[in-house]
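Encoded as C-alpha cells, the structure appears first; notes follow it.
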Amino acid sequence: QVLPARRQARMAIGGYKRLLPRSKMPFYMLGLLLLTTLFMQFYAITYSSATGKDSDSNIFDKVDLFLRPQHFTRHFHTYTVCNGMSNQILAHVGNIAYAISSKTPILIPDAFITDGSQDMSRPDGQTDVTPSSARYVPLSNIFDIDHLMKFIRSYGIEAKLLPYNEKMHGHLKCSWIKTLSHVVPETASLVLKAFKPSALIHKMVNLALERVDEDDNLICVHHRDGEDWTKHCEKWEGIQDGVWRKNCMNEPGRTLSMDVKERMLPQSSGGSGTRSTRKGSSIFYVGDSNPPLDLVDTGFKVFTRGELLLGHDDVFEVENVDLNRNHHELDKNLLYAVLSQRHTACVPEFRDVCAIVDFHVCSNMPDFIGNSVSTWSALQIAQRGGAATWYNSYSIPLADIFRVYPVPIAYTYTELSEGAGKLLLKASILSAKAIVPMSEIHVLYHGYEDFEFRLWLKERGVTIHQHEPSVKLREMINEMFRNGDESKSHLFGHAGNYFGTWQRIDLPKHINTEYILLLDCDTIILSPFSFADFSKALTKSIAFSAEDHEMLEEPWNAGIALLNMPYLRESYHDFLRFIKSHKHNEPYEIVRKNGSTRAAPSDQGAYLKFYAETKEFLSTKFNDKPYYLHKGKKPGEVSKVLHFHGAKPHDYLGHWLGIPCSSGVAFLCELTESKPEERPMLCPGLKSFADAITSDGTALLEEYCELTLGKKAGPRYASSCVYFFSIMAEKKPEEIYNCGRIALDANRDGK
C-alpha cells in the first residue's frame, strides 16, 4: 500500500531524529547548511568558468565569510607578493602561469607595494617586504586589470582580484622563485606580456615620450651603482656554492660610457632588420642616482624621467600634494608630483611606482642596455625576447628559474657558394623554427640575384642583413684564397665557399645583441635551449667546441660558435690588422692546453690565435657530431645541435649505396661501414635532418637529392635518396636503429 506523501515525510523525519541525539541536532543542521552553501557556491564558480560569465554572485565575492585560510587555498590558487617591482611582477607571472597550467581558479592579490626596498644591513639576511609591512596601492592603479583578466579567461580560467588582508594573505610565503621555476616557459612569457600599464601609468609614459625627438635614436640604459646595489653584489658574489657569480657590476677599469659605446652598431651598418644606433644617439637613463658625468662628457645627450616630464605643471595641480602622507590610491596629480622630480631618481616612498613607469617608457624604445643581474633589467630583456644587451655581459641569473631567454641564432650566406649549401641552410632554419621558435634568426646575406631565396627567408620571419664587405676585407680574402693550398684545407677548393667562411667577421657590424649562436649551414637543431643551458661565464669573446676528439674539452671547431658581439665589435679593427699581418696564409699554429701546437686554417685559426686569452670551451651538446661515440657524455645530457661536420647527410647515404665519398670525408664515411648503430647520433641525426627537410613538403628534399646524389651518380640514386629520407621522416625514432639497413632497402625499393 502506498502511503500518502505527507505521512512518508513525517516517518522519515522521525527516523532521522531517532538516529541523532536531540542535543546535537543544531550542530548537524548547521553542518548540513554549510555543506549546502559550499555546494551552491562551487556550482556557481563552475558554471561561471564553463560559460565564461563573471557573475557577481559567484564564490569569489563572499567566500572568505565561509572558509578559513587553510581551507581557502584548497579550492583556489592564491598567493602574495613581495619586495620591489620586479619581484612583484614575477610573483604574479609565476602564479598566474601555474593557475593556467593546472586549470585552477585564481585570486590575485589586489596590492602593489610602492616601496619594496629590502633591508640589506640585517645580519640574518634580507627579509621579504609584503603589503603587511609596507605601503601599497590597488593593483588597478598600476596595471590594466581588464586586459589581464581577459587574457587569463582566454584559457578558460576564472580570475578575480582579492583585496589584501591578513586573514587571507598574512600566512602565505612569498615563494615566487619556486613557483616560477615549475611553470611552462612559453606560458610565463605570454603572462609577462599581458601586464599592460593602467590608463594612469600609460598617460605618464606618453607624456615622457612626447618630449623625445624622433631623430634622437633614444637608447634606454639601466644602470645599477647605488649603495644598496653594491652591498647586494658583495653578498651575492660571496655565496659559497660553486656557482660562477662575477658579473654584478661593470668590468674593473671600464666606465659606463665605454660599455655603452661598445654596444652600439657602427653608423655605416645597414640592411633589412638593422638600425644604426651611433649617429645622434641619446640616452634615456634609469639608475640609482643621477647619470654619471662620463656619459655627458663623451658626447651623449642624456635624459631622465624627471627631465622628460618637467614642464606640465599647468596640466597638474601639485601644490597641495603631500608626498609624506600614506596614500592608499594614486591619482594623476600625486603621480606627476612623484615622477617629475629632477634632482633625485625617485621619492623613496614611491620607489617602485617610479620603477614601473621607467620600465614602460623603456619598453617603447628599440634599444636597451642593462645589467643582467638586476631583475628589472632581466625582465626588460625577457620582454624583448633576448634582443637586448647588458653592460656587465656574461650570464642572466634569472634565466635559471625563468627560462624565457632565447638565444639569437645567426647564419652567413653568399650567393657565390655551392648550391647544396643553400638547401642545407634551409633545412637548418626549418629545424630552428620548429624546435626553438622564440629565438630570433639572422642571416648575413651577400648577393642580390636570388630573389626567390630572399623571399623564402622573409616568409619564415628571418631577419636579413645585407652584407657588403669593405673593399679592404674583400681584397684581403681574395689574396688569401689565391695563396691558399687545397692540400692543407678543403676550404681553398671553392672561392665562394672560402669567402663565406670569412663573412662571420662582419656579424658584429650588423647584429646588435649581447650574444649570438653562430651556426654553419650543415647543422640541425635537435632540442630546445635557452641562455640557461650555457655556462654562467659564457665567454668574453668566442666559445668554440671540440672537433674530431670529443673527449678533449678544448675550443677548436668554429662551425658552431657562441659570440660576444660587443667585444668582437670593439676588437674588430685590431682583428683585421692581425689577419692582414698573416700574409703567407699558412695555417695558424695554436698552442693547446698540454703545451703542444696544432695547425688551424683560415678563419678558424685566426679566431683561435687572436682570442687565445679569452676564448672558452662550448659544450659538445651544442656541437654534437654523427661520428661521435658519446663515451664521455654525462647521464641525462641531451644534445641541442647536431653538426654534419665533414660528411653531409647525402655522403653517409651515398656511401651505403656504393657511391664513394670525396677524399676529404672518406674516413668519416668509413666509420659507419660496419655498425652504424655504434655511432649514437648518426641515425637519430639523419632522422632529424629528414624531419626538417620534409617539414615544408617534399620539394626541398627532391631538390637536395637531385643536386647531390643525382648529379654525382644519376637519377636512380636521386630517387633512392628521396625514398630514404622520406622513410626516415615517417618512422618513429625507436624504429631507426639501423639506418644503413633502411638505406639498402630504400635503394632496392626506390629503383
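Between the side chains of Ser393 and Asn564, at least one donor N or O lies within less than 3.5 Å of an accepting N or O. For the residue pair Asp128 and Thr130, no side-chain donor N or O sits within less than 3.5 Å of a side-chain acceptor on the partner. Residues Ser372 and Asn392 bring a donor and an acceptor atom of their side chains to less than 3.5 Å of each other. Side-chain atoms of Asn206 and His202 form a donor-acceptor pair, as typed in the model, at a separation below 3.5 Å. For the 3.5 Å distance criterion, the side chains of Tyr98 and His182 fail to qualify, holding no donor opposite an acceptor.
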**Request:** Step by step, work out the side-chain hydrogen bond (donor to acceptor under 3.5 Å, both in side chains) result for Glu349 and Thr114.
**Result:** CA-CA 6 Å; Glu349 291 78 10; Thr114 59; over 6 Å; no
**Item:** side-chain contact (heavy atoms from CB on, under 4.5 Å) assessment of Ile96 paired with Phe195
**Value:** CA-CA 11 Å; Ile96 292 172; Phe195 277 84; 3.9 Å; yes
**Request:** Check the pair Phe143, Ile89 against side-chain contact (heavy atoms from CB on, under 4.5 Å), reporting the backbone distance first and the verdict last.
**Result:** CA-CA 10 Å; Phe143 298 112; Ile89 290 178; 3.9 Å; yes
**Request:** Show your working on side-chain contact (heavy atoms from CB on, under 4.5 Å) between Met565 and Leu507 and close with a plain yes or no.
**Result:** CA-CA 8 Å; Met565 301 299 277; Leu507 283 170; 3.9 Å; yes
**Request:** Might you work through the side-chain contact (heavy atoms from CB on, under 4.5 Å) test for Glu514 and Ile381, ending with a clear yes or no?
**Result:** CA-CA 11 Å; Glu514 191 68 20; Ile381 297 167; over 6 Å; no
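Applying the ring-ring contact (aromatic ring centres under 6.0 Å, His included) criterion to His643, with sequence neighbours excluded, gives His645. Qualifying side chain to side chain donor-acceptor pair (under 3.5 Å) partners for Tyr394, counting only residues two or more places apart in sequence or in other chains: none. Annotation: disulfide (SG to SG under 2.5 Å) contacts of Cys346 (sequence neighbours excluded): Cys354. By the side chain to side chain donor-acceptor pair (under 3.5 Å) test, Asn87 is found to be paired with no residue, residues two or more places apart in sequence or in another chain being considered. For Asp696, the side chain to side chain donor-acceptor pair (under 3.5 Å) partners two or more places apart in sequence, or in a different chain, are Arg460. Qualifying side chain to side chain donor-acceptor pair (under 3.5 Å) partners for Gln383, counting only residues two or more places apart in sequence or in other chains: Ser363. The ring-ring contact (aromatic ring centres under 6.0 Å, His included) check on His360 picks up nothing, with sequence neighbours excluded. Residues meeting the salt bridge (charged side-chain N to carboxylate O under 4.0 Å, His left out) test with Asp144, sequence neighbours left out: none.
Pairs engaging residues 76-118 under the disulfide bond (SG atoms under 2.5 Å apart) rule: Cys82-Cys174 [sequence neighbours left out]. Listed by first then second residue, pairs satisfying salt bridge (charged side-chain N to carboxylate O under 4.0 Å, His left out) with a partner in residues 388-407 read Asp400-Lys536, Arg403-Asp533, not counting sequence neighbours. Applying the salt bridge (charged side-chain N to carboxylate O under 4.0 Å, His left out) test to pairs two or more places apart or on separate chains, those with a residue in residues 350-362 are Arg305-Asp358. Listed by first and then second residue, the disulfide bond (SG atoms under 2.5 Å apart) pairs involving residues 142-173 amount to none (not counting sequence neighbours).
At least one donor-acceptor pair under 3.5 Å links the side chain of Gln88 to the backbone N or O of Ile113. Judged by distance alone, the side chain of Asp110 and the main-chain N or O of Tyr164 form no donor-acceptor pair under 3.5 Å. Judged by distance alone, the side chain of Ser527 and the main-chain N or O of Ser639 form a donor-acceptor pair under 3.5 Å.
Taking the ring axis of Phe303 as reference, the NZ or CZ atom of Arg211 does not stay both within 45° of it and closer than 6.0 Å to the ring centre.
Summarising the geometry, atom CG belonging to Asn165 is positioned 9.0 Å from atom OG belonging to Ser132; distances are rounded to the nearest 0.5 Å. With rounding to the nearest 0.5 angstrom, the CG atom of Leu457 is 9.5 Å from the CD1 atom of Ile441.
Ring-centre distance between Phe534 and Tyr515: not below the 6.0 Å cut-off.
Atom CZ of Phe151 has more than 12 neighbouring heavy atoms from other residues, nucleotides or ligands inside a 6.0 Å radius. Other residues, nucleotides and ligands contribute only 12 or fewer heavy atoms inside 6.0 Å of the NZ atom of Lys332.
In this structure, Phe368 and Trp376 have tilted ring planes: the angle between them lies in the 30° to 60° band. Between Tyr79 and His92, the two ring planes are perpendicular [angle over 60°; tilted spans 30° to 60°]. A perpendicular orientation is assigned to the rings of Trp390 and Phe531, their planes being inclined by more than 60° (bins at 30° and 60°).
Salt-bridge formation is not detected for the pair Lys150/Asp146: no Lys NZ or Arg NE/NH1/NH2 atom is positioned less than 4.0 Å from an Asp or Glu carboxylate oxygen.
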